[in-house]
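Numbers here simply count residues along the sequence, with the first being 1.
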Amino acid sequence: MVKICCSLLLLSLLSVQLKANPGLKVRITQKALEYAKKVGVEILKKNMEKEQFPDLIGYERFGLGNVHYNISRIRVTAVEFPNVSISLIPRSGVKLVIRNASLTIDMNWNIRTWMFKDGGRSTVHISKVFVTATFSTPLDSIGHTSVSLSSCHTTSGDTDIKVNGKSGFLHDFFIKYLKKPIHRSLATNSCPNIRSGIQMIAKDFQSLNVPVRIDDLAEIDYSLNSLEVFRPYIDMDLKGIVYPAGNYTGPPYVATPFAIPDQNDSMLYLAFSEYFFQTSLFSYYTAGAFNITIAKETCRYLNISTEMFGSIIPEIAKYPIIPYPVMMKLTATEIPLVSLQQDSFTLEIRESMEVFAVLPDSTTQSLFTVNVAANTSIALNVFDQKLTGSLCLNRLQFSLAHSNVGSFEISFLENILSYILQTEVIPSANAKLSKGFPLPNLANIILTRPHITIAQVRF
């Protein structure tokens with residue numbers, strides 16, 4: 001796995017355009033490509049030194065006949081890539097150039113002509129190897145962006161073959177006929193190895209098209225909509241929609257267009273729009289995640305009973321001397337609304353809180369219903385490749401919606417209700433938010449030292 005530094009941008013979008021747009025953008029900068037190049041070269045070296053090469057069997061013509069050869073037990077013992085560059089070709093792709101590479105090979109050899117026959121072990125040093133490869137980003141058969149090797153060319157310069165413990169005119173004359181098959185093998189195998197690596201990246205892109213499970217209630221669609229190459233970076237548009245689990249009906253929102261602010265300090269940028277978070281709120285609202293029941297059995301810090309309300313509401317004070325347990329049902333009355341402002345992530349939640357008395361026969365009697373408007377702030381972090389959050393209650397507003405116990409002043413209950421919400425509901429919500437949203441898995445990259453910025457952009 002590759003570890004890279006990343007920045008997460010949460011963007012509030014001010015636009016009147018209505019068309020299909022991504023909920024998430026990913027930017028890969030030149031700094032990330034340089035780091036990936038460094039890591040990739042080391043991986044390539046190790047793979048080449050471990051690779052099992054097929055035997056080379058054939059013949060080469062010379063003036064008096066054919067030189068038959070058999071080269072076996074080929075093993076790369078050393079590889080050097082002194083000059084590797086990777087560059088972005090705007091609106092085209094990525095170009096990889098390897099210059100003056102060299103490698104050392106140990107091998108068994110056997111040659112045979114009508115006048116000479118011999119074999120042994122030898123060391124081959126190949127220098128001045130040049131590889132040029134270009135990767136493009138076409139659409140696949142179903143319209144998704146993919147990545148492929150569009151061109152690849154390999155050339156090699158000098159080949160020095162040292163035969164262990166043997167020399168002489170005939171050896172020197174016939175050994176040179178081993179150079180051509182070695183050159184051909186190098187040219188034949190270099191580009192397929194690069195293509196194999198590109199196919200692995202393409203497979204990672206295809207995996208983005210599979211919805212990612214968050215929990216039992218919701219899934220994220222990170223499908224790759226488009227990929228565009230610019231001079232200093234690569235931008236990818238991901239669908240970035242959260243759906244109720246197993247239900248892929250589009251949410252009642254339209255994503256607005258946005259662009260990532262010009263920044264190049266990090267290797268990777270993930271830019272989430274309000275649309276991404278709003279679809280997640282819609283999904284959890286649809287699944288009933290904002291509906292909560294608070295009862296005596298689940299209340300950790302307070303023994304809620306009719307006695308607690310009796311001093312404020314005269315009708316409840318008339319209940320028997322032994323107080324009844326109280327149960328509260330919170331039901332979301334509308335989809336919570338997210339708002340991203342500069343350095344601020346707020347969430348407006350509107351709920352209906354119905355308060356019941358639990359009677360001795362386990363039936364319930366509705367006492368009163370209160371409308372609750374909660375303004376909260378969310379602090380975000382990245383942990384274990386997930387976007388996690390922590391909810392903080394900023395402001396609560398209560399209004400009496402209905403009462404079966406006569407009229408009373410709701411302001412007298414605000415402290416009690418606020419305390420219950422602070423100690424019971426907010427910790428429960430934070431426990432769920434701490435489990436996090438899985439971030440898109442891009443080539444098994446591990447994000448390190450993440451920096452989160454909330455910004456407002458205009459179009």
Original post:
Does the pair Thr154 and Phe130 meet the rule for a side-chain contact (heavy atoms from CB on, under 4.5 Å), with working shown?
Top reply: CA-CA 6 Å; Thr154 302; Phe130 289 78; over 6 Å; no
Are the side chain of [X] and the backbone of [Y] linked by a donor-acceptor contact shorter than 3.5 Å?
X: Ser344; Y: Gln341; value: no
X: Asn430; Y: Leu391; value: yes
X: Ser428; Y: Glu424; value: no
X: Ser150; Y: Thr134; value: yes
X: Ser280; Y: Phe277; value: yes

Original post:
Should Glu351 and Phe290 be marked as a side-chain contact (heavy atoms from CB on, under 4.5 Å) after you check the CA-CA gap, both sets of side-chain angles, and the distance that decides it?
Top reply: CA-CA 8 Å; Glu351 301 259 348; Phe290 293 95; 3.5 Å; yes
Subject >> Heavy-atom closest pair, residues Thr369 and Ser352 >> reply: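 Heavy atoms of Thr369 and Ser352 come nearest at CG2-OG, 3.3 Å.
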Both conditions, 6.0 Å and 45 degrees, for the charged tip of [X] above the ring of [Y]: are they met here?
X: Lys329; Y: Phe356; answer: yes
X: Lys95; Y: Phe135; answer: no
X: Arg27; Y: Tyr233; answer: yes

Would the number of heavy atoms belonging to other residues, nucleotides or ligands and lying under 6.0 Å from [atom1] of [X] be above 12?
X: Asp262; atom1: CG; result: no
X: Glu49; atom1: CD; result: yes
X: Glu307; atom1: CD; result: no

Tell me every residue that passes ring pair (Phe, Tyr, Trp, His ring centres under 6.0 Å) with [X], counting only those two or more places apart in sequence or in another chain.
X: Tyr253; value: none
X: Phe53; value: none
X: Phe81; value: none

Original post:
How are the rings of Phe368 and Phe309 set relative to one another: parallel (under 30°), tilted (30 to 60°) or perpendicular (over 60°)?
Top reply: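 Aromatic pair Phe368/Phe309 classed perpendicular.
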Measure the shortest side-chain to side-chain distance between [X] and [Y] over non-hydrogen atoms and say whether it is less than 4.5 angstrom.
X: Ile89; Y: Val94; answer: no
X: Val242; Y: Ile214; answer: yes
X: Pro211; Y: Tyr243; answer: no
X: Leu396; Y: Leu421; answer: yes
X: Glu228; Y: Phe230; answer: yes
X: Val84; Y: Val97; answer: no
X: Tyr324; Y: Pro360; answer: yes
X: Pro232; Y: Gln30; answer: no

Subject >> Phe258/Tyr275 under ring pair (Phe, Tyr, Trp, His ring centres under 6.0 Å): CA gap, chis, key distance, verdict >> reply: CA-CA 11 Å; Phe258 70 101; Tyr275 175 77; 9.7 Å; no
Hey, what do you get for [atom1] ([X]) to [atom2] ([Y]), rounding to the nearest 0.5 Å?
X: Ile241; Y: Ser283; atom1: CD1; atom2: OG; value: 9.5 Å
X: Ile313; Y: Asn404; atom1: CD1; atom2: CG; value: 11.0 Å
X: Met327; Y: Ile294; atom1: CE; atom2: CD1; value: 11.0 Å

Less than 3.5 Å apart, any donor N or O on the side chain of [X] or [Y] sitting next to an acceptor on the other?
X: Tyr284; Y: Asp215; value: yes
X: Glu354; Y: Ser366; value: yes
X: Glu219; Y: Tyr248; value: yes
X: Asn394; Y: Ser377; value: yes
X: Asn100; Y: Asn83; value: no

Subject >> Residues Thr155, His153; criterion side-chain hydrogen bond (donor to acceptor under 3.5 Å, both in side chains); working and verdict >> reply: CA-CA 7 Å; Thr155 61; His153 182 64; 5.2 Å; no
Original post:
Any Lys/Arg nitrogen of Glu34 or Lys37 sitting under 4.0 Å from an Asp/Glu carboxylate oxygen of the other?
Top reply: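 So Glu34 pairs with Lys37 through a salt bridge.
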